[in-house]
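Computed over heavy atoms, backbone and side chain alike; hydrogens, waters and symmetry mates excluded. Nothing fancy with the numbering, it's 1 onward along the sequence. In this text, all values refer to a predicted model and were calculated from it rather than measured experimentally.
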Amino acid sequence: MTEKLRRAAPRQPADWFGFYRYDKAEGEPWRACRVLDISPLGAGLEMFSVLPEEQLEGSLVISLEIH
């Protein structure tokens with residue numbers, strides 16, 4: 001998806017804390033993240049505990065508890 005298409009949908013602020021892991025890394029521990037904003041086409045994430053040598057590619061699983 002291109003940057004232009006992603007920004008075409010209105011984004012809503014979220015500021016939700018949760019956890020993420022890469023979709024194919026079921027044996028890996030969950031890591032903390034913050035959902036900054038959401039839209040029908042995706043979400044803006046701040047991902048914590050990312051190592052400098054990691055390639056940020058692929059699908060993520062996000063776990064949120066919203067009250």
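- Taking CG from D23 and CD1 from I62, the interatomic distance works out to 10.5 Å, rounded to the nearest 0.5 Å.
- For the residue pair A43 and R11, the shortest heavy atom distance occurs at C-NH2, 3.5 Å.
- Side-chain contact check for V61 versus Y20: every heavy-atom pair is 4.5 Å or farther apart.
- Under a 4.5 Å side-chain heavy-atom criterion applied to ILVMFWY residues, the cluster that includes F48 comprises F17 as well.
- One distance of note links CZ of R31 with CG of L60; it measures 9.5 Å at 0.5 Å rounding.
- More than 12 heavy atoms of other residues, nucleotides or ligands sit less than 6.0 Å from atom CD of E54.
- Atom-to-atom distance recorded for Y22:OH and S59:OG is 11.5 Å, nearest 0.5 angstrom.
- The distance from the CH2 atom of W16 to the CG atom of L36 is 11.5 Å, given to the nearest 0.5 Å.
- Using a 4.5 Å heavy-atom cutoff, the side chains of L45 and V35 are in contact.
- Environment of CD in E53: crowded, with over 12 heavy atoms of neighbouring residues, nucleotides or ligands closer than 6.0 Å.
- Heavy atoms only, all atoms of each residue included: P10 and S39 are closest at O-CB, 3.3 Å.
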